[in-house]
Amino acid sequence: MSARISKGKLTRFAAITSIAALSLSALAACSSTDSASGSEEAGGTITYWASNQGSSVTQDEEILGESIKRFTEETGIEVELEVVPWADLYNRILTAVSSGEGPDVLNIGNTWATTLQASGAFVPFEGEALEAVGGGEKFVPAALATGGAAGQAPTSLPLYSMAYGMYYNTKMFEEAGIKEAPKTWDEFLVTAKKLTKDTDDDGKIDQYGFALAGQRTANNAHAAFILGMQNGGELYTEDGKPDFTNDGVVAGVNDWIQLMGEEGVVSKSNAEINDGSVLPGEVMDGNAAMIFDQAPGKTFNAADFKDYAMAPIPLKNAGATGTEATQSLVAGINVSVFENSDNKDAALEFVNHLLSVEEQKTLNAKYTSLPSVTEAFDDPAFDTPEQQSKKDILANNAAPMPLFPTEGQMESLVGEAIAKQFAKIAQGEKVTEEDVRKALEDAQKQMPAS
């Protein structure tokens, strides 16, 4: 049985989701002067920036191409698709916001939602715009709460819902005599060390217990959030001020960095990886036994790889409660419409298509994620053991990334600070907990005034 978030934690998270739901219910009755809901006038061509959700850009083009074809056949609206790799997406969006020249519709990482909302560059989903996509009541509340700051009309809506889990190579576990997945951080380290070894007796380690993407800033920031919470720290104070150097966050980040450092269970070559989508390949190839990931199933399935299983991310302390029982952020992908779109009617109609029950079932099944629309989320097709575990994590052991306007800058700065520590280790330097604290302090000094 997984640990449960404490009553206080649930109350705070429930408040966030309740505010979002109540706000949307009220907003549905309002009118919007900028957005139209009638599909009869929609037509022409729109552009869509999709995030790279599949095992490759080509796979995304195929999956989304089929969805777009269904949409065009039904509406006559053409959609020009561009799949943007994750390493480029955030900067592409910021450039589009700055220039005012972006796509009509785009995907965003839901942790960026509040930052992008503050830019004023995206259509608020209220009034007619919200009615055009079926209203706020259709969504899973926890997913909907990621659409922007609490109490404000969201400027993004949940498209794919995800949670982090620990994925591992079951064959490697079996060969090492490991009968079950680790549940605590200490057990995780023991397991990782047992699986880190020289398999061909040439004096060099060629199999590691764990793999990570050392240069992937978002993944590093997510680790800082999850492991910081497990160590009793949070990245922001309750009033929205950055707090990267409290003891809990420093300890959590240090735990992450020392996997490559003192613990030696991560290859130093991982310090150069900036694309988290390559990590499932490390597990499939037997280079590493475990990874923390959100939805690698599509990559495993594409390669017909069956020797894997998923378990919740280990807790720092057995029996942890409250924020210390955090095992994931409320992860996922949201969809937005640019305020500068010349064809908002068509853009909203396309968003409505992506968020329809049938498309939610189809797309999330192919991407091994969870639907954000309640009717699809509750469909028996999404009740595999892995998906049930993810649902339990999202319900009981997950929290949204900080819902403050500077969250996007935090991810970049904290993620980069961690990446630099991995680079130092890869170059043979020793990184101490005090080095970690100093790096986080420097990152905090670069944060914009809140």
Side-chain angles (χ1 to χ4, degrees), residues 2 50-64 66-67 83 85-86 107 109-110 140 143 158-174 180-181 210-213 216 218-219 222 226 273 275-314 327-333 354 359-373 376-395 397-398:
S2 63
S51 51
N52 179 198
Q53 297 302 125
S55 58
S56 67
V57 168
T58 300
Q59 185 190 48
D60 282 313
E61 290 171 344
E62 292 173 357
I63 292 172
L64 294 172
E66 292 172 359
S67 180
V83 179
W86 272 109
N107 291 358
N110 68 5
V140 175
L159 181 59
Y160 313 124
S161 292
M162 292 178 279
Y164 271 99
M166 186 186 74
Y167 289 83
Y168 59 98
N169 185 310
T170 53
K171 186 175 181 180
M172 294 170 72
F173 268 49
E174 182 180 348
E180 61 180 6
F210 190 71
L212 53 79
R216 179 81 175 97
N219 289 7
H222 297 168
I226 296 168
I273 298 177
D275 181 0
S277 67
V278 307
L279 296 181
E282 295 289 283
V283 173
M284 289 190 293
D285 293 340
N287 297 327
M290 299 177 285
I291 57 173
F292 296 165
D293 208 334
Q294 296 178 29
K298 71 264 184 177
T299 303
F300 294 146
N301 293 342
D304 197 29
F305 179 71
K306 308 291 187 184
D307 297 326
Y308 79 94
M310 172 259 167
I313 287 178
Q327 293 173 305
S328 179
L329 56 135
V330 180
I333 310 304
L354 294 174
E359 288 302 314
Q360 280 282 288
K361 291 179 182 178
T362 299
L363 293 174
N364 281 283
K366 290 184 177 180
Y367 286 137
T368 65
S369 48
L370 290 167
S372 63
V373 172
F377 184 87
D378 291 339
D379 191 278
F382 296 94
D383 281 342
T384 67
E386 178 183 338
Q387 290 163 330
Q388 283 284 18
S389 180
K390 291 290 186 75
K391 288 180 179 181
D392 183 67
I393 291 168
L394 286 171
N397 299 84

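Keep in mind that the numbers below use all heavy atoms, side chains included, and drop hydrogens, waters and symmetry copies.
Taking 4.5 Å as the limit, every side-chain heavy atom of Pro85 sits out of range of all side-chain heavy atoms of Asp275. Put simply, the side chain of Leu363 reaches to within 4.5 Å of the side chain of Leu354, judged on heavy atoms.
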List the steps and the verdict of side chain to side chain contact (heavy atoms under 4.5 Å, CB included) for Met162 and Tyr367. CA-CA 10 Å; Met162 292 178 279; Tyr367 286 137; over 6 Å; no

Pair Phe305-Asn169, side chain to side chain contact (heavy atoms under 4.5 Å, CB included): steps then yes or no: CA-CA 10 Å; Phe305 179 71; Asn169 185 310; 3.8 Å; yes

Could you walk me through whether Arg216 and Ile273 satisfy the side chain to side chain contact (heavy atoms under 4.5 Å, CB included) test, starting with their C-alpha distance in whole Å, then the side-chain angles of each, then the deciding distance to 0.1 Å, before giving a yes or no? CA-CA 7 Å; Arg216 179 81 175 97; Ile273 298 177; over 6 Å; no

Would Asp383 and Lys391 satisfy side chain to side chain contact (heavy atoms under 4.5 Å, CB included), going step by step from the backbone distance to the final call? CA-CA 9 Å; Asp383 281 342; Lys391 288 180 179 181; 3.0 Å; yes

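What you find for Pro371 and Phe377 is that their closest heavy atoms are O-CD1, 3.2 Å. Across Gln360 and Leu159, no two heavy atoms sit closer than the pair NE2-O, 2.9 Å. In terms of heavy atoms, Asp304 sits closest to Lys306 at OD1-CE, 3.1 Å. Annotation for Ile313 and Gly165: closest pair CG1-C, 4.1 Å, computed over non-hydrogen atoms. Smallest separation of non-hydrogen atoms from Ser328 and Ile393: CB-CG2, 3.8 Å. When all heavy atoms are compared, the tightest approach of Lys298 to Lys366 is CB-O, 3.7 Å.
Annotation: cation-pi geometry not satisfied between Lys390 and Phe382 (NZ/CZ under 6.0 angstrom from ring centroid, within 45° of ring axis).
Under the 3.5 Å distance criterion, the side-chain polar atoms of Asp285 are left unmatched by any main-chain donor or acceptor of Asn287.
Annotation: the span from Leu279 atom CG to Met290 atom CE amounts to 13.0 Å, rounded to 0.5 Å. Rounding to the nearest 0.5 Å gives a distance of 9.0 Å between CG of Asn364 and CD of Gln53. Atom CE in Met284 sits 11.5 Å away from atom CG in Asp307 (nearest 0.5 Å). Expressed to the nearest 0.5 Å, how far CD1 of Ile291 lies from CE of Met166 amounts to 10.5 Å. Interatomic distance, Ser161 OG to Leu394 CG, rounded to the nearest 0.5 Å: 7.0 Å. Note that CD1 of Ile63 is 10.5 Å distant from OG1 of Thr362, once rounded to the nearest 0.5 Å.
Ring orientation note: the planes of Tyr167 and Tyr308 are tilted relative to one another, at an angle of 30° to 60°. Between Phe210 and Phe292, the ring planes are perpendicular. Angles over 60° get that label, and only those under 30° would be called parallel. Aromatic ring orientation, His222 versus Tyr164: perpendicular (interplanar angle above 60°, classes split at 30° and 60°).
A donor atom on one side chain and an acceptor atom on the other are found under 3.5 Å apart for Asp60 and Asn52. Looking at Gln59 and Ser56, their side chains never bring a donor and an acceptor atom within 3.5 Å of each other.
Annotation for Glu174: atom CD does not count as buried by contact number, only 12 or fewer foreign heavy atoms lying within 6.0 Å.
Asp378 meets the side-chain hydrogen bond (donor to acceptor under 3.5 Å, both in side chains) test with no other residue; sequence neighbours excluded.
Partner of Tyr160 under the side chain to side chain contact (heavy atoms under 4.5 Å, CB included) criterion, chosen from Thr368, Ile333, Asn110: Ile333.
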